[in-house]
Protein chains: 2
Amino acid sequence: MKVSSRGEYALRALIVLGLHAEEISTIAEISEQTLVPVAYLEQILLQLKLLGYLKSKRGKHGGYMLAKAPDQIVIGEVIRSLEGPLAPMGCVSITSYEACPLEGTCLLKPLWALIRDSIARLLDQTTLAHLIERKL
Amino acid sequence: MKVSSRGEYALRALIVLGLHAEEISTIAEISEQTLVPVAYLEQILLQLKLLGYLKSKRGKHGGYMLAKAPDQIVIGEVIRSLEGPLAPMGCVSITSYEACPLEGTCLLKPLWALIRDSIARLLDQTTLAHLIERKL
DNA sequence: GATTATGTTGACTAACATACTCAGGTATCG
DNA sequence: CGATACCTGAGTATGTTAGTCAACATAATC
Ligand code: FES
Ligand code: FES
């Protein structure tokens with residue numbers, strides 16, 4: 001049930017950018033504050049940009065900024081984009097359902113559904129603004 | 001946030017054995033009902049035995065049975081044994097804590113803690129008996 | 001006691017995912 | 001122009017997953 005380092009790193013970066021909203025931050029600056037290697041961070045920031053969470057400026061005095069207000073960035077969506085579905089099994093995933101062979105009689109499915117619901121409820125109720133303001 | 005096929009398979013096997021309690025089941029029978037390949041199932045059943053959930057009998061008319069009553073088999077414990085901690089990050093794991101470098105100032109930790117708590121509460125409250133009786 | 005049905009053990013493998021690195025390329029500013 | 005930044009695609013080392021396979025050990029039965 002682990003979250004990958006890539007997901008964690010992406011969220012760290014979003015938090016750093018959210019804390020310095022209105023300012024532009026270079027990859028190097030973000031790397032310092034997140035402890036993520038520069039070359040790896042480049043990849044992740046680029047992906048976050050393609051997903052629409054960030055905007056960038058090239059060249060001198062370039063860098064990254066949030067492309068949305070922090071309260072419009074839903075943590076559940078970010079994690080889904082980076083790591084795939086939140087559900088523990090495909091058969092209980094709402095965003096990307098996948099059938100199980102035993103689904104008709106399976107006694108586990110209701111349990112997985114409870115897990116999915118509680119994870120999704122938490123992560124889809126939480127925005128970057130909530131994290132930054134420490135209001136969960 | 002996926003659960004591995006190994007964990008799913010183990011739970012399927014426990015359910016089959018729980019449904020036929022008092023009787024002995026061969027690996028082949030369990031394999032049929034769970035759709036898990038025999039050779040792979042062997043590994044998993046053996047592990048469940050070493051963990052104390054199952055007992056076995058060798059030779060002709062041999063097979064596997066539950067070693068505990070279904071209401072003594074806690075799903076959270078089974079999953080932890082097979083897949084490691086339930087927590088999404090080491091820094092919020094109770095059973096196997098591991099420090100994060102940014103732990104002091106990290107704004108994510110409280111969120112991960114909520115996730116961990118809600119998963120652990122669900123899985124540690126559920127026993128094999130609950131699954132079999134469809135009472136969640 | 002030989003046969004046969006069963007679990008036991010350990011090694012092995014193919015495929016995939018993770019967590020990166022690196023070598024360039026391209027836009028922007030001064 | 002040239003420095004500074006982001007952009008892009010490829011490559012790599014390591015580990016995990018989901019199995020397979022061959023040989024062995026034990027228990028019941030004929
Ligand atoms: S886990 Fe999908 S049907 Fe049982
Ligand atoms: S995730 Fe462990 S301290 Fe932030």
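Below, chain A is the first sequence line, B the second, and so on; all start at residue 1.
Using a 4.0 Å heavy-atom distance criterion, B:K55 is classed as making no nucleic acid contact. Base contact: A:G59 has a heavy atom under 4.0 Å from a base atom. Residue A:I27 is classed as a sugar-phosphate contact, given heavy-atom separations below 4.0 Å to backbone atoms only.
The phosphate of C:dT18 has neither OP1 nor OP2 within less than 4.0 Å of any side-chain N or O from A:K2. Here B:K60 does not reach the OP1 or OP2 of C:dT3: none of its side-chain N or O atoms lies under 4.0 Å away. At the phosphate of D:dA5, neither OP1 nor OP2 sits under 4.0 Å from any side-chain N or O atom of A:H61. Proximity of B:K57 to the phosphate of D:dA28: a side-chain N or O atom is located under 4.0 Å from OP1 or OP2.
In the set C:dT9, D:dT8, C:dG7, D:dT8 carries the atom at the smallest distance from any side-chain atom of A:L46. Proximity note for A:A39 (side chain, C-beta onward) versus C:dT8, C:dT21, D:dC7: the nearest is C:dT21. In this structure, the nucleotide among C:dG7, D:dA28, C:dT28 sitting nearest to the side chain of B:R58 is C:dG7. Distances from the side chain of A:S56 to the nucleotides D:dA28, D:dC6, D:dT8 place D:dC6 closest.
Distance alone, capped at 3.5 Å, is enough to place a donor-acceptor pair between the A:E83 side chain and the A:S4 backbone.
Taking Ile, Leu, Val, Met, Phe, Trp and Tyr as members and joining any whose side-chain heavy atoms lie under 4.5 Å apart, directly or through other members, A:V74 forms no hydrophobic cluster with any other residue.
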Reading nucleotides 12-19 of chain D 5' to 3', which nucleotides get B (base under 4.0 Å from a protein heavy atom), which S (sugar-phosphate only), which -?
------BB
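Note that OG of A:S56 is 3.0 Å distant from NZ of A:K49, once rounded to the nearest 0.5 Å.
Within the structure, side-chain hydrogen bond (donor to acceptor under 3.5 Å, both in side chains) pairs that include any residue of residues 64-77 of chain B comprise B:E77-B:R80 (at least two apart or interchain).
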